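Every value quoted in this text rests on a predicted model; they were computed, and no experiment measured them. In what follows, chains carry the letters A, B, and so on, assigned in the order in which the sequence lines appear, proteins first and then strands, with residues in each chain numbered from 1. For the numbers below, each heavy atom of this structure counts, side chains included, while hydrogens, waters and symmetry mates do not.
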Number of protein chains: 4
Amino acid sequence: MGSTPQPRRGNTRQRIQDVALELFAEQGYDKTSLREIAERLDVTKAALYYHFKTKEDILNSIFEDLNRPVEELLAWGAEQPRTLETKKEILVRYSEALSIAQPLFRFMQENQATVRDLSIGHTIKRRVIALVDLIKDPDAPLTDQVRCFTALMAMHAGVIALRDAEGDPEEKRKAALEVAVELVTKAHDQGPAGPAA
Amino acid sequence: MGSTPQPRRGNTRQRIQDVALELFAEQGYDKTSLREIAERLDVTKAALYYHFKTKEDILNSIFEDLNRPVEELLAWGAEQPRTLETKKEILVRYSEALSIAQPLFRFMQENQATVRDLSIGHTIKRRVIALVDLIKDPDAPLTDQVRCFTALMAMHAGVIALRDAEGDPEEKRKAALEVAVELVTKAHDQGPAGPAA
Amino acid sequence: MGSTPQPRRGNTRQRIQDVALELFAEQGYDKTSLREIAERLDVTKAALYYHFKTKEDILNSIFEDLNRPVEELLAWGAEQPRTLETKKEILVRYSEALSIAQPLFRFMQENQATVRDLSIGHTIKRRVIALVDLIKDPDAPLTDQVRCFTALMAMHAGVIALRDAEGDPEEKRKAALEVAVELVTKAHDQGPAGPAA
Amino acid sequence: MGSTPQPRRGNTRQRIQDVALELFAEQGYDKTSLREIAERLDVTKAALYYHFKTKEDILNSIFEDLNRPVEELLAWGAEQPRTLETKKEILVRYSEALSIAQPLFRFMQENQATVRDLSIGHTIKRRVIALVDLIKDPDAPLTDQVRCFTALMAMHAGVIALRDAEGDPEEKRKAALEVAVELVTKAHDQGPAGPAA
DNA sequence: AATGAATGAGTATTCATTCAT
DNA sequence: AATGAATGAATACTCATTCAT
């Protein structure tokens with residue numbers, strides 16, 4: 001186990017990404033060294049540099065791959081009418097995207113300080129803003145804006161933060177989605193100038 | 001005569017904490033070196049070690065000081081009856097505590113991965129659980145649990161995450177508190193087994 | 001039909017030498033990596049190793065090619081009578097050789113420390129000594145030896161060191177040659193035991 | 001030998017400079033690693049970083065110290081009348097400065113490619129130009145300019161390049177100085193527009 | 001109450017080189 | 001005639017920590 005010099009097929013790049021994401025999510029970006037990644041894969045550090053230009057580049061490549069669904073969701077959402085139905089659909093899809101790329105999103109949430117000055121930092125920030133813009137109305141009062149933002153956080157919580165709380169993950173996700181829908185619905189039902197009396 | 005010309009006298013410990021918190025919150029714990037802290041204070045690194053045993057110890061001391069209000073809130077809450085009024089009061093006080101110790105909480109949120117295996121990690125985790133326990137009913141269904149947890153996150157968002165969004169900080173805090181109260185109220189109104197018909 | 005559309009055919013070896021010399025002269029030997037050379041040629045590093053055994057070997061091959069004229073000059077000079085005319089002729093030819101292989105000589109001058117313990121180091125050293133021997137008289141006093149050595153340096157200066165000083169390169173070369181001739185003439189006119197009274 | 005933990009007096013900084021210059025001159029800047037310097041001094045690499053911010057900084061500090069005499073010579077020369085006597089005096093003093101700081105100048109000459117993009121590169125270039133300006137007449141014809149530049153190179157040769165040629169160093173220095181004076185005198189005697197008939 | 005001097009373990013990154021295909 | 005994948009050894013530099021003074 002581990003000592004057989006496996007003929008290394010062309011999957012090393014993928015294996016690096018997998019191990020890196022696992023470690024980044026487990027221990028954080030800063031605390032994960034390239035030495036550690038290399039050791040787990042039983043290759044040398046230099047091999048990592050054959051496949052990626054820098055440590056940050058490993059993260060970037062992972063992000064690009066796993067982030068695509070969210071990007072597509074944003075593109076789709078931008079073309080829909082801003083109805084309540086659309087908003088709900090966005091929440092549903094986002095929840096699913098979160099669930100699928102859970103380790104990446106967990107990593108992003110737990111390493112905000114680090115991620116902020118990495119090149120994906122900008123992308124992420126823009127993306128959150130775009131997402132909120134899709135589910136809140138343009139001139140929504142502050143309270144409704146908070147409701148919409150909180151809706152997103154509810155889903156993050158359901159998928160990521162409550163990761164090691166008791167309960168079936170899928171049920172937690174559903175519950176969080178329900179709460180999110182509730183919040184966005186409430187925000188939607190009130191016109192831009194507060195409760196439509 | 002009356003104005004002290006050398007303000008740095010015996011207060012070095014405090015100054016270290018101030019600068020450290022500022023830098024930890026700005027750049028993250030890992031990326032802030034003791035050299036940097038020392039340079040800002042115009043003392044040597046060794047001076048830091050006169051006042052604190054380790055880097056982590058600096059953080060611990062900051063945490064102990066700023067966290068006291070929350071600890072007191074938990075103690076107080078534990079002795080109150082679990083009425084809706086109590087829950088609301090807890091939310092109000094927690095929101096205030098967040099506001100006062102904003103840099104610390106921001107630091108905690110943005111450095112979760114790092115904080116997790118520092119000694120304050122356990123404390124924080126226990127505290128969040130205790131807090132949720134105070135505002136949710138013992139046998140609340142999953143959805144209500146999510147509501148309560150989300151209520152807390154709403155307040156974190158209002159005080160911390162929305163820090164550089166437009167708008168008056170105090171108003172954002174109030175709006176977040178409002179949403180939080182709403183969520184907890186809804187959770188409270190439904191009995192442990194769903195809607196109290 | 002007549003014009004070859006793919007000029008890179010069998011000439012890779014030459015192209016490697018060209019690019020390598022350019023980069024060696026520009027940045028120095030140590031600071032020029034094989035990666036850089038390969039990238040400029042749009043081939044892989046391994047391709048370089050198909051054509052050359054080592055990095056040093058690339059340099060050796062360049063040196064061998066461009067150095068031939070000087071070697072021939074030495075051979076020719078060794079067979080001539082040691083008259084002033086011969087000496088002048090050697091200076092003229094050397095100046096021309098310098099001019100033609102300018103990048104190589106520039107490289108040699110600016111990377112003396114590095115070149116010293118490369119295999120061309122010995123060759124170069126021997127060659128300079130041989131050259132001085134051709135233009136100075138066997139038992140010339142120290143001052144005349146310095147004159148002869150300085151004559152060579154004057155030409156190096158004229159072609160290499162003054163490279164980015166103002167003025168037409170060819171004129172600078174001529175001027176340097178003139179000064180060199182002057183020095184050697186002076187050295188020649190004085191017998192082995194000082195001024196021929 | 002070497003194992004006694006000598007009480008390290010406050011001379012470490014100086015010792016680093018000494019060893020570094022020795023190695024830089026012997027092997028070149030690029031090929032001298034901080035590990036090597038540290039090992040020779042029987043300290044750790046980190047100790048070097050206590051005293052100097054970077055590898056380049058070590059070189060800078062050496063340069064600043066040893067270069068002072070030349071800087072002073074330039075300042076002095078700038079205030080003198082541009083007579084032949086002054087020029088001769090400059091040559092004499094420069095020759096002495098070269099002799100005293102021989103290892104540094106040798107290093108500079110043999111590592112031109114490297115030094116060029118270090119921070120001392122600019123300083124050196126400016127200095128050579130300033131020096132030539134002091135010994136050549138403002139509108140000297142090209143040949144005279146070459147004479148002056150060659151005069152400097154003659155002295156470099158006498159002190160540095162001929163280092164391991166036979167003969168007493170001091171005598172070689174004197175001979176080189178003589179040749180340099182000769183060249184500058186010749187350049188001086190001819191008016192700005194060629195031979196003063 | 002603090003400094004000056006140093007360490008040991010670590011980091012990301014680069015390089016010349018190799019070899020099976 | 002060349003590539004893709006990898007290595008081993010090195011490099012400059014940083015960090016938290018220690019300790020005699």
After noting the C-alpha distance and the side-chain angles of R68(B) and E64(B), does the key distance pass the salt bridge (charged side-chain N to carboxylate O under 4.0 Å, His left out) rule? CA-CA 6 Å; R68(B) 218 180 311 266; E64(B) 267 161 40; over 6 Å; no
Return the value, rounded to whole Å, for the distance between atom [atom1] of [X] and atom [atom2] of [N].
X      : N       : atom1 : atom2 : answer
L34(A) : dC13(F) : CG    : P     : 19 Å
K53(B) : dT17(F) : NZ    : P     : 11 Å
L59(C) : dA16(E) : CG    : C1'   : 15 Å
I16(C) : dA1(F)  : CD1   : P     : 11 Å
F52(D) : dA12(F) : CZ    : P     : 15 Å
I37(D) : dA10(F) : CD1   : P     : 17 Å
Q27(C) : dC15(E) : CD    : P     : 10 Å
N11(A) : dA6(F)  : CG    : C1'   : 14 Å

Would you say [X] reaches [N]'s phosphate, i.e. side-chain N/O to OP1/OP2 under 4.0 Å?
X      : N       : result
T12(C) : dA1(F)  : no
R35(C) : dC15(E) : yes
H51(A) : dG4(F)  : no
Y49(D) : dC13(F) : yes

Pairs in or reaching into residues 12-50 of chain D: which pass ring pair (Phe, Tyr, Trp, His ring centres under 6.0 Å), with residues at least two apart or in two chains?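 Qualifying pairs: F24(D)-Y29(D), F24(D)-F107(D).
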Short side-chain to backbone donor-acceptor contact, Q102(A) and I160(A), under 3.5 Å: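 The answer is no, because no donor-acceptor pair under 3.5 Å joins these two groups.
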Hey, which of these two, Y29(A) or K45(B), hits DNA chain E nearer its 5' end, going by closest nucleotide?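 Nearest nucleotide further toward 5': that of K45(B).
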Starting at the 5' end of DNA chain E, which residue's closest nucleotide do you reach first, D30(C) or L48(D)?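 On the 5' side of the pair lies L48(D).
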Y50(C) or S33(D), whichever maps to the more 5' nucleotide of DNA chain F: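 Its nearest nucleotide being more 5', the pick is Y50(C).
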Using heavy atoms to find the nearest nucleotide of DNA chain F for T44(A) and T32(D) separately, return the residue whose nucleotide is more 5′.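 So the residue in question is T44(A).
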Out of dT14(F), dT13(E), dT14(E), which has the shortest distance to the side chain of A46(D)?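 Looking only at side-chain atoms, A46(D) lies closest to dT14(F).
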Separation between CG of L104(A) and CD1 of I62(A), rounded to the nearest 0.5 Å: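 With rounding to 0.5 Å, CG (L104(A)) is 7.5 Å from CD1 (I62(A)).
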From R13(B) CZ over to L48(B) CG, what is the distance, rounded to the nearest 0.5 angstrom?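 That separation rounds to 12.0 Å.
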For DNA chain E, report each stem as range with range, ordered by first number, or say none. Use Watson-Crick or G-U wobble pairs under 3.5 Å, at least 3 in a row.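 Listed by first number, the stems are E:2-21 with F:2-21.
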Tell me whether K45(B) is salt-bridged to E39(B), with the criterion being a basic N under 4.0 Å from an acidic carboxylate O.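 So K45(B) does not pair with E39(B) through a salt bridge.
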What do the steps show when you test R127(B) against E71(B) for salt bridge (charged side-chain N to carboxylate O under 4.0 Å, His left out), and what is the final call? CA-CA 8 Å; R127(B) 224 195 42 196; E71(B) 223 61 63; 5.4 Å; no
